[in-house]
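All values below were derived from every heavy atom in this structure, side-chain atoms included, with hydrogens, water molecules and symmetry-related copies excluded. Start at 1 and go down the list; that is how both ligands and their atoms are numbered.
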Amino acid sequence: MQHWQKVSQTKPKLLLVDDQRVNILVLHELFREACEVFMATSGEQALQLCRTVSPDLVLLDVCMDGLDGHEVCRRLKADPQTHDIPIIFVTAKGDEADEVHGLELGAVDFIVKPINPIIVKARVNTHLTLKRQSDTLRSFGLLDGLTGVANRRRFDEALALSWRQCRREQRSLAVIMIDVDYFKRYNDHYGHLQGDSCLQAVAKALSDVIKRPHDLLARYGGEEFACVLPNTPLSDAVQIAERMQANVEALSLEHLGSEIGKIVTVSLGVAAITAHHAIEPQALVEEADRQLYRAKQAGRARVCSGTLAASLPSE
Ligand SMILES: [Mg+2]
């Protein structure tokens, strides 16, 4: 390896938390070469280290005296300074309820004790890579701070790029505009902190639906999200929108201020067009926005769609 490569790559910071010293030592042995390793033997110590050293990943024992792993996770996720730090729970074998609960609390993964060194290394490497990617995007100012999805600026860039590509290949480009129903009432009733958690959960439910590498979900502003789907005809985009709607409803987030079933729902507007020289990509966003307005007018919690009705000059 060249010298400059060595110095340009700082080691990722890994925090190991376990109330049994021997468990920490085993993990330390696995990662001391590749990572800068920090260690804590209690929940309190873990919280303090997270604030002072900002680790790139935490391996967190669930079962500890005092603050247990779940409580540590809850507190890290509630603090804006630490809520982006990915957490992998380390659980005793067979605690399936523990694992489910941990994932619900926002952990990215779990590892079963007694640990298998190959599995632990693979999982840790995967999540360190993801963390580095999102840190890079964040440092370029392209990620939404609250939800971790793309921000408005990145959406505009992706739309312009996809528009040019689809125009060259005469392919269809689709846009979905998404709005959380009765969100102002949600904030009024549950407070802004819970409103933020709601937006994070919705963003995750929406982004779970899009799988192709060039599809992009962004927070467009407030409680509004937008999605750009290159090479996608209207009918396919409508299916994606319907899956998004179903995924958000499956969260079953209570929303007593909503007039639709007392849970959080979204309205979606879909538009698609074969990209054309005579039209600006912004027209596609405006059409999707019109469809979103129709969905709201028709009673919310639904998908409305249309092709872009523009009069094209004959060539
Ligand atoms: Mg323990």
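- Gln239 and Ser235 share no donor-acceptor pair across their side chains, judged by distance under 3.5 Å alone.
- For a distance threshold of 2.8 Å, the protein N, O or S atoms nearer than that to the Mg ion (ligand 1), listed by chain and number, are Asp19 OD1, Asp61 OD2, Cys63 O.
- Residues Gln48 and Glu44 bring no donor and acceptor atom of their side chains to less than 3.5 Å of each other.
- Judged purely by distance below 3.5 Å, without hydrogens or angles, the side chains of Arg212 and Thr232 pair a donor atom with an acceptor atom.
- No hydrogens or angles considered: nothing links the side chains of Asp144 and Asn151 as a donor-acceptor pair under 3.5 Å.
- Separating the CD1 atom in Ile279 from the CG atom in Leu284 is a distance of 8.5 Å, to the nearest 0.5 Å.
- For the residue pair Gln165 / Arg168, no side-chain donor-acceptor distance below 3.5 Å is found, with atom types taken as modelled.
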